[in-house]
Engineer: 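Dropping a structure here in structure tokens format, bear with me for questions.
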Amino acid sequence: MKKQLPKTYNAQKYEDSIYKKWEDSGLFSPEMKKGKKPFVISMPPPNATGQLHLGHASMLALQDIMTRYHRMKGDPSLWLPGTDHAAIATQNKVEQLLAKKGVSRHDLGRTKFLQEVKDFVEDSRGTIRNQIRKMGSSCDWNRERYTLDPGLSKAVNTVFEMMYKDGLIYKGDRIVNWCPRCNSTLADDEVDYKDTKGKLYWIKYGPFVLATTRPETKLGDTAVAVHPKDKRYKDMIGKKYMIPGVLGDFEVTVVADREVDPEFGSGAVKVTPSHSFADFEIAQRNNIKGKKIINEEGRMMENCGKYAGLTTEECRKAIANDMDKMGLMEKIEDYDHKLSVCYRCGTTIEPLTSKQWFVDVNKKCKRLKGKSLKEKSLEVVKDGSIKIVPERFNKTYFHWMENLRDWCISRQIWWGHRIPVWYCKDCGEEHVGEEKPGKCNKCKHNEFKQDPDTLDTWFSSGLWTFSTLGWPDKTEDFKYFHPTSVMETGYDILFFWVARMILMTTYATDEVPFETVYLHGLIRDKNGEKMSKSKPETCIDPLDMIKKYGTDALRLSMIIGGTPGNDIRLYEEKIAGYRNFINKIWNSSRFAVMNLSEEDLAHKFDPKTDIKTTMDKWMIHRLNMLVKRTTENIEKYRFSDAGSDIYDVFWTHFCDWYLELSKGDFKNPVVLKYSLEIFLKLMHPFIPFVTEVIWKELGNKTMLLAETFPEYDEKLKYTKHERWMERVTMIISEIRKARAEVGVEPAKKIKAIIYSKEPSFILEQAEPISRMARLDELTVEKDGQKIKKAKHIILPGIEIYLPLEDMIDADKEKDRIKKEIDNLKTYTKGLKTKLSNKGFVNNAPPALIDQEKMKLEEAETKLTKLQKEVKDL
RNA sequence: GGGUGCUUAGCUCAGUUGGUUAGAGCGUCUGGUUUACACCCAGAAGGUCGGGGGUUCGACUCCCUCAGCACCCACCA
């Protein structure tokens, strides 16, 4: 009794159990083979509180393709999964939840609040873990990590201590981006810019008139800057002036600075060092002190007199008003500018000076052999130790790295790695280390207070590739699996994360974190816009799609049609299209299973004896070539090309031609099964579920997951047979086309007479040709008489007559042939000019010239035949 | 202001170092239950490859330029 499979593939029925089998098999955990280079990917850790979105889904698909491919190639392959505590993001989320109950984190206090966050994360971490599984990710769950694991925290503290001792981490009173809502500093790249309509206030400023967007900062001004070469102000440079203000006169120094643009405004800039990055730097260069007037809540400080306590915005209005009354306001213009806002919550950033911890990116350091962090990070990409795909992102990376300023790493939030610095309660001496020190180095006192701040979340994720492997302990894992092979992530976090990993890893381990960075594009909606839940019509939830179309279909829809670094559009019809492909695979397998006997299923394929017919050779040849291309495509990170190539060969060549052709005399179940299995292996990295299911249905006891990826075999080249079969398919297609043109009923069988110089191979394929072109009589001769009242098809070296008698409309035929003649005439004319062109003949490769000559010959033969025919009609 | 990418059939996109009468999927049209599949099969229509210039024997492909779209970076107050 032969087996029977259901008519449609139901992904939902199989996926979960297949995943469980894979996971239980232990094959996701690699075996360390000494001397064999492993393939390693560190999974970019999703936020522990996250829900799986398309960004995750596409990254998981890509990484799984690579991991499965390498595993099948026999490389010890490790894909290490994990989650990130996502400091600010998580804290915000929990704060929002608490706010609904009317509770703030301060009401709870640090300890209780952290417990709330921990509980919350514990729940949601499980969710994201299972969603990662849903995508079919073949990652090693035994090595799963979390950025707040003890081991990873140890790595964080160790690196902090190393950097502190090397003088790369310092505490400084510098200007930082401050989010008054999050109550924390932000790194430069955590600031977003929003186009805003604002005002430009022209104010009378002692001897100057100058323009500002923030009149309230006047209270913190300590200087006026002008361009050194600006004639208008030349004599004033270095002098001090008393400026009338809303709170009385104050003194400013006039300084010269090249950054001032003499063209803008009046060419003079008021300098507020404590609340503007540009001003802070001008002040530093010119040795000017700052005056802080805005506090961490975004409100005016005590030193602002009657304005104290106002928000900056309130103060701006009040001050503008007062200045106007005092006659200090010259004019107010509309002004569009970019407002800096917090990337997490959208609140306006207040730049302010604050005591914070910084990483010095410019300081030369012994551990880096006299280079700075910045120099080292640039070097490893420049010298090719790290390769970025696509290459153009090198430029972006260099530009960012070259302009990197000291990195502010302290955050005033509670959720995260606490800064491992301890202050002596007695003398205030700083001690750095994971553990609270026994007694103070300086005063021998034994009571300490830990720095209340936590570290930037990217400080810990910057260590991800090696902290997850057990560093700083000298573990086997670290020795064997680091540096990792590929970092696969979106280009949007090149700076946030990739650059920081390079910086931190080269410093801490003296190794690069990864050899290749593969940057994928972002998934956009049908209109090319960012997907967002606020646009439910176009926003796609991967989990819904998995339910509806299956994981395999979703994976393909995100892979095919995308090129590295370029965004890709996704919409439901596209996913449905790939679901159809999955079903096509299922059904061709269904067909195969129906045609395979127990014996066939058990048969071990031997190319020497099992490949018999021309058709077999043709199929095997095509497959062999596909194997070659697929391997190359995957190795070169051209996943879309690989996927669509397989799609095409499978559907068109295997299903539409080979399967159909071989339904008759040339049935060879063994080759059918073998071909199908090669396809399954090629497809498995892309669509692991359906291929695994079918693999089992074909009677295999092993798991496809653990099978060997096919290799190109020079011995399986059958170029001649391929050419023959190409003729066969062409004959069939042409007859079908002619039938449609003439309007022969689909079911009606007709006669055909074929003249060919090599009749034998056509004769050999007479049965499939007749069946597929619906012929009841096929004559094949070397040559013969022209047949009247027949549809005449002229192919290179082959002529086909379909004697359809009355069905043929002579006038219509004539028109059609005339049109074709015209086409051919322009075509041959083009070829002739080309071939008589000396430049072409002298410069073009000989093979191309021959090819063109052959084309011309074929076209001319056909042309004369058609011309003769049109006369006879 | 600097940089990057994109512009190819109605829609979404391929087109790898310059050499095919420019390809696919979806959609459209005409037909179709034949040893799996209507989530299917057979056939067809549809493009002067954004505009202009140049290099070359030859340009969708390389260079210049213009235009539109998108994104990234930047302290013009």
Side-chain angles (χ1 to χ4, degrees), chain A residues 5 7-9 189 193 200 210-214 217 225 259-261 263-266 268-272 276-282 337-338 351 390 392-393 395-396 399-400 403 491-492 494-495 521-522 524 526 528-529 549 553 560-563 565-571 573-574 576-595 632-633 636 638 640-641 644 647-648 652 655-656 659-660 663-664 667 733 736-737 739-741 743 745-747 771-772 774 823-824 826-827 830-831 834 837-845 848 851-852 855 859:
Chain A
L5 263 40
K7 267 192 169 190
T8 46
Y9 172 68
D189 45 302
Y193 296 91
L200 188 63
L210 43 78
T212 178
T213 50
R214 302 192 60 186
T217 59
E259 290 299 308
V260 177
D261 178 2
E263 304 290 319
F264 188 88
S266 63
V269 190
K270 65 186 208 57
V271 179
T272 322
S276 150
F277 276 85
D279 295 4
F280 183 83
E281 279 166 20
I282 292 177
H337 68 125
K338 291 206 195 282
R392 66 185 141 91
F393 282 99
K395 214 170 168 177
T396 321
H399 182 258
W400 186 82
N403 292 294
Y491 64 76
D492 54 330
L494 177 63
F495 304 142
L522 273 31
R524 300 185 166 271
K526 192 165 194 165
E529 284 163 29
Y549 301 107
I560 297 183
T563 41
N566 290 330
D567 295 350
I568 181 168
R569 297 183 193 204
L570 189 68
Y571 39 92
E573 299 91 299
K574 193 169 172 184
Y578 289 109
R579 183 271 320 266
N580 295 353
F581 176 59
I582 301 295
N583 197 236
K584 187 74 184 173
I585 302 170
W586 177 255
N587 264 293
S588 53
S589 308
R590 179 170 184 256
F591 173 78
V593 168
M594 284 164 76
N595 281 281
E632 280 169 11
N633 280 330
K636 289 182 179 159
R638 295 195 298 237
S640 173
D641 290 358
S644 56
Y647 179 104
D648 189 50
T652 311
C655 293
D656 292 348
L659 234 57
E660 292 301 331
K663 276 177 181 174
K667 195 181 276 185
S733 287
R736 282 171 170 172
K737 204 164 101 186
R739 290 176 61 118
E741 253 169 39
E745 280 166 54
R771 183 161 35 84
M772 291 184 65
R774 311 231 96 218
N823 274 344
L824 276 171
T826 40
Y827 180 51
L831 283 171
K834 199 177 201 179
N837 184 333
K838 269 187 199 157
F840 177 75
V841 181
N842 293 336
N843 295 311
L848 183 74
Q851 198 186 307
E852 300 293 299
K855 276 192 219 157

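Computed from a predicted model, the values in this text were never measured in an experiment. Chain letters run A, B, ... following the sequence lines, proteins first, then strands; residues in each count from 1.
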Engineer: What is the distance, to the nearest angstrom, from the CZ atom on A/R774 to the P atom on B/A42?
Structural biologist: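 In whole Å, B/A42 P and A/R774 CZ are 14 Å from each other.
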Engineer: When the distance from CG of A/L570 to C1' of B/C11 is rounded to whole Å, what number comes out?
Structural biologist: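 My rounded result for the distance is 15 Å.
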Engineer: If you only use heavy atoms from C-beta on, which nucleotide in B/C13, B/A42, B/A36 is closest to the side chain of A/R569?
Structural biologist: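 The listed nucleotide nearest to A/R569's side chain is B/C13.
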Engineer: Specify the separation, in whole Å, of atom CG of A/N595 and atom C1' of B/U34.
Structural biologist: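 Between C1' of B/U34 and CG of A/N595: 15 Å.
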Engineer: Are A/K526 and A/E573 within salt-bridge range, i.e. N to O under 4.0 Å?
Structural biologist: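 Salt bridge present between A/K526 and A/E573.
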Engineer: If the condition is salt bridge (Lys or Arg N to Asp or Glu O under 4.0 Å), which residues does A/K574 pass it with, not counting sequence neighbours?
Structural biologist: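 In terms of salt bridge (Lys or Arg N to Asp or Glu O under 4.0 Å), with neighbours along the sequence ignored, A/K574 is linked to no residue.
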Engineer: Among B/U4, B/A36, B/G32, which nucleotide sits nearest the side chain of A/K395?
Structural biologist: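 For A/K395, the side-chain atoms sit closest to B/U4.
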Engineer: Going by ring-ring contact (aromatic ring centres under 6.0 Å, His included), name the residues that satisfy it together with A/Y827, two or more places apart in sequence or in a different chain.
Structural biologist: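 ring-ring contact (aromatic ring centres under 6.0 Å, His included) check on A/Y827 returns nothing, list empty.
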Engineer: How would you label the contact of A/R579 with the nucleic acid (heavy atoms, under 4.0 Å): base, sugar-phosphate, or nothing?
Structural biologist: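 Base, at least one base heavy atom under 4.0 Å.
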Engineer: Considering every strand and a 4.0 Å limit on heavy-atom distances, what is the contact class for A/S733: base, sugar-phosphate, or nothing?
Structural biologist: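 Sugar-phosphate: the residue A/S733, judged by heavy atoms under 4.0 Å, touches backbone atoms but no base.
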Engineer: Nearest whole angstrom, please: distance from the P of B/G58 to the CG of A/N837.
Structural biologist: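 So the two atoms are 7 Å apart, to the nearest Å.
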Engineer: Once side-chain hydrogen bond (donor to acceptor under 3.5 Å, both in side chains) is applied, do any residues pair with A/E529, and if so which ones, sequence neighbours excluded?
Structural biologist: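 Residues passing side-chain hydrogen bond (donor to acceptor under 3.5 Å, both in side chains) with A/E529: A/K535.
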Engineer: At less than 4.0 Å, is any side-chain N or O atom of A/K838 found next to OP1 or OP2 of B/C57? Yes or no.
Structural biologist: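 No, because none of the side-chain N or O atoms of A/K838 sits under 4.0 Å from OP1 or OP2 of B/C57.
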Engineer: So, using salt bridge (Lys or Arg N to Asp or Glu O under 4.0 Å) as the criterion, who are the partners of A/K395 when residues are at least two apart?
Structural biologist: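 None.
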Engineer: Any N or O donor-acceptor pair linking the side chain of A/E660 to the base of B/A42 at under 3.5 Å?
Structural biologist: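 Checked by distance alone, the answer is no.
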Engineer: Report yes if at least one side-chain N or O of A/K7 is closer than 4.0 Å to OP1 or OP2 of B/C37; otherwise report no.
Structural biologist: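 A/K7 to B/C37 OP1/OP2: side-chain N or O found under 4.0 Å.
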Engineer: What distance, rounded to whole Å, do you find between the two C1' atoms, one in B/A22 and one in B/A67?
Structural biologist: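 Those two atoms are separated by 25 Å.
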Engineer: Heavy atoms under 4.0 Å, any strand shown: does A/K526 hit a base, just sugar-phosphate, or nothing?
Structural biologist: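 If one applies the 4.0 Å heavy-atom cut-off, A/K526 turns out to touch nothing in the nucleic acid.
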Engineer: Can you run through RNA chain B from 5' to 3' and write each base as (, ), [, ], | or . depending on how it pairs? Watson-Crick or G-U wobble, both distances under 3.5 Å.
Structural biologist: (((((((..((((.....[...)))).(((((.......))))).....(((((..]....))))))))))))....
Engineer: Specify the separation, in whole Å, of atom NZ of A/K584 and atom C1' of B/A38.
Structural biologist: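 These atoms are roughly 11 Å apart.
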Engineer: Would you kindly give the NZ-to-P distance between A/K574 and B/U12, to the nearest whole Å?
Structural biologist: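 Answer to the nearest Å: 11 Å.
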Engineer: Using the C1' atom as the reference point in each nucleotide, state the distance between B/G5 and B/A9 in Å, no decimals.
Structural biologist: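 That atom pair is separated by 23 Å.
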Engineer: Mind checking the P distance from B/U56 to B/C63? Whole angstroms is fine.
Structural biologist: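 My reading of the P atoms in B/U56 and B/C63 gives 16 Å.
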Engineer: Under the side-chain hydrogen bond (donor to acceptor under 3.5 Å, both in side chains) test, which residues partner A/R214, sequence neighbours left out?
Structural biologist: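 For A/R214 the side-chain hydrogen bond (donor to acceptor under 3.5 Å, both in side chains) partners, ignoring immediate neighbours, are A/E216, A/E350.
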Engineer: Classify the side chain of A/R590 versus the base of B/C37 as yes if they form a donor-acceptor pair under 3.5 Å and no if they do not.
Structural biologist: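 Check fails, no donor-acceptor contact within cut-off.
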Engineer: Using a 4.0 Å heavy-atom cut-off to protein, can you give one letter per nucleotide of nucleotides 14-29 of chain B, 5' to 3': B if the base is in contact, S if only the sugar-phosphate is, - if neither?
Structural biologist: S-B--BSB--------
Engineer: Excluding sequence neighbours, so at least two apart, what forms ring-ring contact (aromatic ring centres under 6.0 Å, His included) with A/F591?
Structural biologist: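 Once residues adjacent in sequence are excluded, A/F591 has no partner under the ring-ring contact (aromatic ring centres under 6.0 Å, His included) criterion.
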Engineer: Tell me: CD of A/E741 to P of B/A44, nearest whole Å?
Structural biologist: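 For the pair A/E741 CD and B/A44 P, the rounded distance is 8 Å.
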Engineer: If every non-hydrogen atom of A/N583 is compared with every non-hydrogen atom of A/T8, which pair is closest and at what distance?
Structural biologist: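 Shortest heavy-atom separation between A/N583 and A/T8 comes out as ND2-CA, 3.4 Å.
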Engineer: Could I get the full list of ring-ring contact (aromatic ring centres under 6.0 Å, His included) partners for A/F280, not counting sequence neighbours?
Structural biologist: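 Checked A/F280 against ring-ring contact (aromatic ring centres under 6.0 Å, His included); zero matches.
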Engineer: If I pick the P atom on B/U7 and the same atom on B/C75, what distance separates them, to the nearest angstrom?
Structural biologist: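 Looking at atom P only, B/C75 and B/U7 are 31 Å apart.
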Engineer: Tell me every residue that passes side-chain hydrogen bond (donor to acceptor under 3.5 Å, both in side chains) with A/E852, counting only those two or more places apart in sequence or in another chain.
Structural biologist: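 Here the qualifying residues are A/K834, A/K855.
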Engineer: The criterion is ring-ring contact (aromatic ring centres under 6.0 Å, His included); which residues satisfy it with A/Y491, sequence neighbours excluded?
Structural biologist: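 Here the qualifying residues are A/F393.
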Engineer: Between A/G664 and A/K737, just flag the one whose closest nucleotide in RNA chain B comes earlier from the 5' side.
Structural biologist: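 Comparing both residues, the 5'-ward one is A/G664.
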Engineer: Mind checking if A/N842 touches a base, just sugar-phosphate, or nothing, with heavy atoms under 4.0 Å?
Structural biologist: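 No contact.
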Engineer: Quantified in whole Å, what is the P atom distance between nucleotide B/C26 and nucleotide B/C60?
Structural biologist: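 Those two atoms are separated by 28 Å.
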Engineer: Can you give one letter per nucleotide of nucleotides 70-77 of chain B, going 5' to 3': B for a protein heavy atom under 4.0 Å from the base, S for sugar-phosphate only, - for none?
Structural biologist: ---SBBBB
Engineer: Is it true that the NZ or CZ of A/K338 lies under 6.0 Å from the centre of A/Y193's six-membered ring and within 45 degrees of the ring axis?
Structural biologist: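 Not satisfied by the 6.0 Å and 45° rule.
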